[in-house]
Amino acid sequence: MQSDDRILTTHVGSLPRSDVLLGMLNDIENGQDVDPAEFNAQANQEIHDVVSQQLEAGIDIVGDGEIPRLGFSIYAKNRMSGFGGFSDRGTVTDFVKFPKYADFMAKRAGVDTITESATTWKMPQCTGELVYDSRAATDELALFDGALKDQKETVTGSFVTAATPGILSTTLFRDPAHPLYQDDEAYVYALAAEMKKEYEMIVAAGHMLQLDAPDLALERQIMYLDRPEDEFLKRVDLHIEALNLALESIPPERVRLHLCWGNWEGPHCDDIDLEPLLPFLYKAKVGGLSLACANPRHNHEIELFQKYKPPQDFVMYPGCIDVTYNYLEHPGVVAKRILEFVDIIGDKERVIASTDCGFSTFAGYVMVAEDVAWAKLKALADGAELASKKLWG
């Protein structure tokens, strides 16, 4: 999606959910009975609300907020058979290298210690054959389509997020004793074959497909922390190859890839630099790249796009809003960030202003108050308007 008269706006996906829906999602995850009709009614109302609020804030390319999902990636375990047991996932190094920061975060969360897992919910592992069930995706797409059709205001565009095979393989571990998937490569390709069905459903429904891929950056400091960088980059290459197979029937311009170093407020001391990743990211059969540019750890890396020019017609979605703190960006700050990025890319038509990440990557896991989150999206739109006036007059 490109624009020849103004800077368009979007965001990365997840938006705050109500306490009522969070309670339902929690009950479902804990195996308690929840009336499907009541859940769908609540999700339907909240998707309608978030679509309306996005349009009211001035967002052009809107999403469904991932409202019916437990998390940006963990939802997939409920759409595929073959999972059970527990994945013993590690955590990021910030809590080890900064113990006082760990204590600070524990007190703020009201717990004794910070969890040793990088995920909010317990994650299972692959213990059987993977088979995708499209019913939940069908229901979610129907709710989103209904919300879009009920809007009086014209919607410029829409997108739906989906987890990549790579992030699923590094969070929903493969059981080493599994007889079908005897190594990680076979497992990644099996996940790609099943998730392909969801990707095609999203695009067939008329939406932009956003692929969430923290595995392409975050895993450097979890699974590959004490290993050579080359080993991690080989894994990145595998994930991109598998993803490309899953996208083989989808036009690249209908897909955008979101890169992530993990969505939390912390030092991010062991984040991998963007530079070694770019050549691999450009191999993905997608039409655009979404990445964090507003946070203080990676803001400087936008200069890399002068050295590593994006592929022709590649649309860039720079994050102009940080989603980990409650400081409200001034529209002038947002405009400045957009203009800097346009100057580096050299093509204003290929820049769409976005956020660094989602506002609730896991249901209930938020760092920004709900009303501030909506104010941030309004600031994003206002900043894009200021930048558009300077760019187009």
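Keep in mind that the numbers below use all heavy atoms, side chains included, and drop hydrogens, waters and symmetry copies.
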Item to complete: Taking atom types as modelled, find out whether W264 and D94 have a side-chain donor-acceptor pair closer than 3.5 angstrom.
Response: yes

Please list, one pair per line, the donor and acceptor atoms closer than 3.5 Å that link side chains of residues 281-290 to other protein atoms, with sequence neighbours excluded.
unit_1	atom_1	unit_2	atom_2	d
Y282	OH	Y308	O	2.9
K283	NZ	D237	OD1	2.6
S290	OG	H258	ND1	2.9

Worksheet item: So, for G266 and Y101, which heavy atoms are closest and what is the spacing to 0.1 Å?
Response: CA-OH, 3.3 Å

Item to complete: Could you tell me whether the side chain of R337 and the main chain of F341 form a donor-acceptor pair under 3.5 Å?
Response: no

Worksheet item: Between E301 and D273, is there a donor-acceptor pair closer than 3.5 Å when you use the side chain of the first and the backbone of the second?
Response: no

Item to complete: Keeping the roles fixed (side chain from T164, backbone from I167), state whether a donor-acceptor pair exists under 3.5 Å.
Response: yes

Worksheet item: Just checking, any donor-acceptor pair under 3.5 angstrom between side chains of D270 and T93?
Response: yes

Worksheet, complete the sentence: Distance col, row E140:CD vs E66:CD, nearest 0.5 angstrom, shows 8.0 Å

Practice prompt. Kindly say whether M367 contributes a backbone atom to a donor-acceptor pair with the side chain of N326 at under 3.5 angstrom?
Written response: yes

Worksheet item: If you measure only the distance, is there a donor-acceptor pair under 3.5 Å linking the side chains of T324 and N295?
Response: no

Worksheet item: So do the side chains of K376 and L328 get within less than 4.5 Å of each other, counting heavy atoms only?
Response: yes

Fill in: Between Q151 and S52: side-chain donor-acceptor atoms closer than 3.5 Å
yes

Worksheet item: To the nearest 0.5 Å, what is the distance between CE (M123) and NZ (K77)?
Response: 8.0 Å

Discussion item. Any donor-acceptor pair under 3.5 Å linking the side-chain atoms of D212 with those of Q210?
Written reply: yes

Worksheet item: Say you draw a straight line from CG of D60 to CZ of R6; how long is it, rounded to the nearest 0.5 Å?
Response: 4.0 Å

Fill in: Residues, nucleotides or ligands: over 12 heavy atoms within 6.0 Å of D183 CG
yes

Item to complete: List the steps, then state whether side-chain contact (heavy atoms from CB on, under 4.5 Å) holds for H239 with S169.
Response: CA-CA 9 Å; H239 289 190; S169 74; 3.6 Å; yes

Worksheet item: More than 12 heavy atoms of other residues, nucleotides or ligands under 6.0 Å from CD of E231: is that the case?
Response: yes

Worksheet entry | More than 12 heavy atoms from other groups under 6.0 Å of OH on Y327 | no

Fill in: Interatomic spacing from SG in C293 to CD1 in I302 - rounded to 0.5 Å
6.5 Å

Practice prompt. Evaluate the criterion side-chain contact (heavy atoms from CB on, under 4.5 Å) for residue pair F305 and L274; output intermediate values, then yes/no.
Written response: CA-CA 10 Å; F305 293 103; L274 176 62; 4.1 Å; yes

Discussion item. Atom NZ of residue position K390 - does it have more than 12 heavy atoms of other residues, nucleotides or ligands inside 6.0 Å?
Written reply: no

Discussion item. Regarding R256 and T10, do their side chains bring together a donor and an acceptor under 3.5 Å, going by distance alone?
Written reply: yes

Fill in: Validation row: Y199, R254 side chains within 4.5 angstrom (heavy atoms)
no

Discussion item. With no hydrogens and no angle check, just 3.5 Å: does a side-chain donor-acceptor pair link Y325 and E265?
Written reply: no

Worksheet item: Checking E198 side chain against A162 main chain: does a donor-acceptor pair fall under 3.5 Å?
Response: no

Worksheet item: Should R79 and E194 be marked as a side-chain contact (heavy atoms from CB on, under 4.5 Å) after you check the CA-CA gap, both sets of side-chain angles, and the distance that decides it?
Response: CA-CA 10 Å; R79 296 186 182 183; E194 294 307 305; over 6 Å; no

Item to complete: Indicate if Y224 and L277 have the same hydrophobic cluster label, given that clusters are the connected sets of ILVMFWY residues with side-chain heavy-atom separations under 4.5 angstrom.
Response: yes

Discussion item. Go through it in stages, so that I can follow the logic: the residues are K149 and D145, the test is salt bridge (charged side-chain N to carboxylate O under 4.0 Å, His left out), and I'd like the CA-CA distance, side-chain angles, deciding distance and then a yes or no.
Written reply: CA-CA 6 Å; K149 290 176 182 176; D145 288 342; 5.8 Å; no

Worksheet entry | ILVMFWY network linking V96 to L218, side-chain heavy atoms under 4.5 angstrom | no

Worksheet item: So with a 6.0 Å cut-off around CD of E248, is the heavy-atom count from everything else above 12?
Response: yes

Worksheet entry | Heavy-atom side-chain contact between L377 and I321 under 4.5 Å | no

Discussion item. In this structure, is the centre-to-centre distance between the rings of W261 and H298 below 6.0 Å?
Written reply: yes

Worksheet entry | Smallest separation among heavy atoms of D322 and A294, with atom names | N-CB, 3.8 Å

Discussion item. I want to check something: taking the side chain as every heavy atom from C-beta on, are I222 and V92 in contact at a cut-off of under 4.5 Å?
Written reply: yes

Discussion item. If you define the side chain from C-beta out and look only at heavy atoms, does anything of V334 sit under 4.5 Å from L386?
Written reply: no

Fill in: Minimum heavy-atom distance H268-R297, with the two atoms named
O-NE, 3.2 Å

Discussion item. Using the rule that Ile, Leu, Val, Met, Phe, Trp and Tyr join whenever any side-chain heavy atoms are under 4.5 Å apart, tell me whether V62 and V255 fall into a single cluster.
Written reply: yes

Worksheet item: Which heavy-atom pair separates G319 from D356 by the least distance, and what is that distance?
Response: CA-OD1, 3.3 Å

Worksheet item: Looking only at heavy atoms, which two atoms of R69 and A363 are closest? And how far apart?
Response: O-CB, 4.0 Å

Worksheet item: Do D215 and M223 touch side chain to side chain, with heavy atoms closer than 4.5 Å?
Response: no

Worksheet item: Do you reckon L238 sits in the same ILVMFWY cluster as I272, going by side-chain contacts under 4.5 Å, direct or chained?
Response: no

Practice prompt. With salt bridge (charged side-chain N to carboxylate O under 4.0 Å, His left out) as the test, would you mind laying out the steps for K336 and E329 before giving the verdict?
Written response: CA-CA 11 Å; K336 183 175 182 290; E329 289 86 349; over 6 Å; no

Worksheet item: To the nearest 0.5 Å, how far apart are CE in M195 and CE in M80?
Response: 5.5 Å

Worksheet item: Going from CD1 on I352 to CD1 on I338, what distance comes out if it is rounded to the nearest 0.5 angstrom?
Response: 11.0 Å

Practice prompt. In sequence, state the C-alpha distance, the side-chain angles, and the governing distance for L278 and K307, and then conclude on side-chain contact (heavy atoms from CB on, under 4.5 Å).
Written response: CA-CA 10 Å; L278 279 177; K307 179 179 179 181; over 6 Å; no

Worksheet item: Are I28 and F362 in one and the same hydrophobic cluster, where Ile, Leu, Val, Met, Phe, Trp and Tyr link if side-chain heavy atoms are under 4.5 Å apart?
Response: yes

Fill in: Minimal non-hydrogen separation, F314 against R350, with atom names
O-NH1, 2.8 Å

Fill in: Steps toward ring pair (Phe, Tyr, Trp, His ring centres under 6.0 Å) verdict (H11, F359)
CA-CA 9 Å; H11 59 95; F359 283 100; 7.6 Å; no

Worksheet entry | E200 with K197: basic N within carboxylate O range, under 4.0 Å | no

Item to complete: Could you check if a side-chain atom of P276 sits within less than 4.5 angstrom of a side-chain atom of L233, using non-hydrogen atoms only?
Response: yes

Worksheet item: Any sub-3.5 Å donor-acceptor pair from T361's side-chain atoms to F72's backbone N or O?
Response: no

Practice prompt. Taking the side chain as every heavy atom from C-beta outward, state whether L130 and F83 have any atom pair closer than 4.5 Å.
Written response: yes

